[in-house]
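Residue numbers start at 1 and run along the sequence shown.
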Amino acid sequence: MEKPENQRSKILIADDSEMNRAILADMLGDEYDIVEAENGVEAVSVIGSQGTELSLILLDIVMPEMDGFGVLTAMNQNHWIEDIPVIMISAESGVAQVERAYELGATDFITRPFDALIVHKRVVNTILLYAKQKRLMNLVVSQMFEREQQSNMMIEILSHIVEFRNSESGLHVRHVRNLTVLLLEQLDRKNCGYHFSQTDISTIATASAMHDIGKISIPEEILNKPGKLTMEEFEIMKTHTTVGAEMLEKLPDYRDKPLVQISHQICHWHHERYDGRGYPDGLKGDEIPISAQTVALADVYDALTSDRVYKKAIPHEEAIQMILDGQCGAFNPLLLECLSELSEVIQKEVSQDMATEDSRQNALSITAEILQHENLSVSKRTLQLWEHERVKHDFFAALSDEIQFEFTMSPLQVTFSAFGAKKLGFPEVIKDPLHDPGVLSMSKPEAVMRLSDMLRSTSPGQPVVTCDCLLNVNGEERWHRIVARATWSADEPPRYMGAIGKATDIHDDRMKLDDLERQASSDSLTGLLNHTSAKKQIEVRLNERPHGRYALVIFDLDLFKHANDTYGHLFGDELLKYLADKLRKSIRGGDIVARVGGDEFLIFMEYKNPLEPIIRRIYNSLCGPFGDFTISLSMGVAKTEDVGIRYSDLFNAADQALYTIKRGQRGKGAKYVFYNESMADEETQSAISPIDSGLQKAEKGDEDK
């Protein structure tokens, strides 16, 4: 961390001669804060306690208790030498001593007697040199961190590509990435023949996001089947490995890049088994690339510990034991050791979003690794780093084929991917997009404001938002799903800086989803709501407005069985559809109607005026001739003011009223009855009416589905 401009640099003078310390302090005390140590042990203690505050150490070689070389050795062991420059002091200038000092990390060498000008210049130059190096290091790390953040954003966005069709892919991709990092780091620590640099680990972890990209080609009915796949379906499912690999092979510009090559390995072989019984190629042992082996193990662990359409999540300990016992495939024994050793760490960390924390650590590690290559100049190292990150970014953009964008507050502009700009007919960079006519014509202002409000209401810890909106693309309004991640500054409090995201055309999927939702909530014969959907809507209405006056009506057709027996079941179906159509025309816009099952129907309404005339009107409108058959009904009515606002109480009361008619307790000709407490006698409560029995069966059927 750089010092404020008004804060003076601090220098440690370590010399056993008080006179020498005094001379140096007099030379430098006007410009620097001085700390003194009279031997090596004291010097190490000062460095340990004030190391981050020291800008320079002037270190004598010959001292009691611990000499200058001992101090340098301690600084190397504690990695202090990497951050604090050391100028050695000695009355001797022998070659052997100078060489040893430089080998241990000394920056410069000053001989006694002191020349004030030389001492001053070397101290100033060394402090300035290290300050520049720190600024350069911070610059490189910041660039790395920002680029890594953008890559992680792209990974999160990419993970949503398959999510529209396969609900496991969003968090699954992130979990696999995090677990891959943990396994590779642990494998590297074991010194068992595998070695991974931080760059290697970062590349493999990034490539792991591609492991299931081939599932885009798998039919949805197989991908999301809740039960066990048939042999034929499993053969189709297995093709996602080769399809994913083929997609990467056909990339026009990036096939030779390490990231793409490793992604290809993982896509193609992450379902191979260590015993040779996997697919698609039956590779065995170390024939399988270690990148694919590691992702395969991470994939299996997360699949076991996560909910799927075909199963519930398995506890962590049980999942680990199943893998170690060989119940979930055959894996590299060394990787299984790593999994066992990391068990506690995985349980605590793998489900957390470690991307931000790991990104800065990875940036530091990779930067330090690059700086070890002395044959690279600073400019070449920086260019190499930026080129690596640019390739990663372009690779994701080319693969996703979506409208990708980046919005920044300063400068105020939006930048589109090449594909996105071409699809929209926009330039790649638009300044002041909030007032650009093209951008404003693409969507309604309220949709833009809604997305802006959603992004601004995020936090650095939870920055991702998703929303669906209609976009006008080349004159056609189509539904798009926008997944975006807000960017925040590191200030306290953090400032909103913009967002990065993508828009995916989901028009056909949205239409299909709406149609499926309508089918799921509707009765297939009459088109009315089914009982389950009606119950949910009624409960929402009762919860939102509990003080209203509501009535629930249950009715069925008299002699419906006779109609079926006399005229046939096709006639009965037409009769029910006719009655449903009449029912739609008899109710008001806010009423809810449903077919409960068989010939039983339900009406839910809110009322203010007397209820009996409304019920009489509906009853009369539904009764009448239908061909040679005369429609008549039996109808039970319950009011919330009599039984309360719980749906179950309201339904049971209306059912009791209907059952009262069926039992003839209200005399001949009584065709609609309002519930009262006298109907809840012991005999009535103990009986299960036909409609109640039918309801129980219908609800059981819904649960089974």
Heavy atoms only: give me the nearest [X]-[Y] pair and the separation to one decimal.
| X | Y | answer |
| --- | --- | --- |
| Ser208 | Val295 | CB-CG2, 3.7 Å |
| Ala484 | Phe405 | CB-CZ, 4.3 Å |
| His211 | His240 | O-CD2, 4.4 Å |
| Val176 | Ala298 | O-CB, 3.9 Å |
| His316 | Thr305 | CA-CG2, 4.2 Å |
| Cys328 | Val300 | CB-CG1, 3.7 Å |

Are the side chain of [X] and the backbone of [Y] linked by a donor-acceptor contact shorter than 3.5 Å?
| X | Y | answer |
| --- | --- | --- |
| Arg616 | Tyr619 | no |
| Lys582 | Ser621 | yes |
| Arg617 | Ser586 | yes |
| Asp591 | Arg588 | yes |
| Arg595 | Leu525 | no |
| Thr239 | Ile236 | yes |
| Thr241 | Lys238 | yes |
| Asp556 | Asp599 | no |
| Asp212 | Lys215 | no |
| Gln404 | Gly501 | no |

Are [X] and [Y] close enough that some pair of their side-chain heavy atoms sits under 4.5 Å apart?
| X | Y | answer |
| --- | --- | --- |
| Val673 | Leu658 | no |
| Ile554 | Val596 | no |
| Leu611 | Met605 | yes |
| Pro625 | Ile631 | no |
| Asp505 | Trp479 | no |
| Leu179 | Asp302 | no |
| Val553 | Tyr672 | no |
| Thr458 | Val464 | no |

Gap separating the [atom1] atom of [X] from the [atom2] atom of [Y], nearest 0.5 angstrom:
| X | Y | atom1 | atom2 | answer |
| --- | --- | --- | --- | --- |
| His480 | Lys502 | NE2 | NZ | 10.5 Å |
| Ile615 | Phe674 | CD1 | CZ | 5.0 Å |
| Leu575 | Leu570 | CG | CG | 12.5 Å |
| Met237 | Glu233 | CE | CD | 8.5 Å |
| Tyr675 | Leu650 | OH | CG | 11.0 Å |
| Cys467 | Met454 | SG | CE | 5.0 Å |

Run the ring-ring contact (aromatic ring centres under 6.0 Å, His included) test on His531 and Phe651 for me, step by step, so that the C-alpha distance in whole Å, both residues' side-chain angles and the decisive distance to 0.1 Å come before the verdict. CA-CA 11 Å; His531 181 242; Phe651 185 92; 5.4 Å; yes
Ring centers of Phe571, Phe626 separated by less than 6.0 Å: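 Close enough - the centres of the two rings lie under 6.0 Å apart.
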Audit row: Thr466, Ile482, side chain to side chain contact (heavy atoms under 4.5 Å, CB included) steps and yes/no: CA-CA 6 Å; Thr466 302; Ile482 297 177; over 6 Å; no
Listed partners of Gln327 passing side chain to side chain contact (heavy atoms under 4.5 Å, CB included), at least two apart: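 Side chain to side chain contact (heavy atoms under 4.5 Å, CB included) check on Gln327 returns Met322, Asp325.
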Assign the ring pair His264 / His268 to parallel, tilted or perpendicular, where the plane angle (0 to 90°) is split at 30° and 60°.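 Geometry flag for His268 against His264: perpendicular rings.
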Which of parallel (below 30°), tilted (30 to 60°) and perpendicular (above 60°) describes Phe604 and Tyr550?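 If you compare the ring of Phe604 with that of Tyr550, the planes turn out parallel.
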Residue pair Glu606, Arg545: steps toward the salt bridge (charged side-chain N to carboxylate O under 4.0 Å, His left out) verdict: CA-CA 10 Å; Glu606 184 175 7; Arg545 299 171 57 187; 3.0 Å; yes
Salt bridge between [X] and [Y], side-chain N to carboxylate O under 4.0 Å?
| X | Y | answer |
| --- | --- | --- |
| Asp581 | Lys577 | no |
| Arg456 | Asp453 | no |
| Lys225 | Glu221 | no |

Passing option when Asp565 is tested against His569, Lys561, His562 for side-chain hydrogen bond (donor to acceptor under 3.5 Å, both in side chains):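 The passing option is Lys561.
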Go through the steps for Asn564 and Phe560 under the test side chain to side chain contact (heavy atoms under 4.5 Å, CB included), then give the verdict. CA-CA 6 Å; Asn564 274 331; Phe560 180 66; 3.2 Å; yes
Lys662 and Thr660 side chains, donor-acceptor separation under 3.5 Å: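 There is no such pair (donor and acceptor under 3.5 Å, judged by atom type) between the side chains of Thr660 and Lys662.
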Taking atom types as modelled and ignoring hydrogens, do the side chains of Thr532 and Asn530 form a donor-acceptor contact shorter than 3.5 angstrom?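 Looking only at side-chain atoms, Asn530 and Thr532 do not form any donor-acceptor pair under 3.5 Å.
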Does [atom1] belonging to [X] count more than 12 external heavy atoms closer than 6.0 Å?
| X | atom1 | result |
| --- | --- | --- |
| Glu317 | CD | yes |
| Arg549 | CZ | yes |
| Arg584 | CZ | yes |

Before giving the answer on side chain to side chain contact (heavy atoms under 4.5 Å, CB included), spell out for Thr566 and Phe629 the whole-Å C-alpha distance, their side-chain angles and the decisive distance to 0.1 Å. CA-CA 10 Å; Thr566 304; Phe629 181 78; over 6 Å; no
Would you please test Phe555 and Lys671 for side chain to side chain contact (heavy atoms under 4.5 Å, CB included) and show each step? CA-CA 9 Å; Phe555 68 88; Lys671 291 302 181 181; over 6 Å; no
Could you give me the CA-CA distance, side-chain angles and deciding distance for Ser533 and Lys535, then say whether side-chain hydrogen bond (donor to acceptor under 3.5 Å, both in side chains) is met? CA-CA 5 Å; Ser533 298; Lys535 176 183 176 183; over 6 Å; no
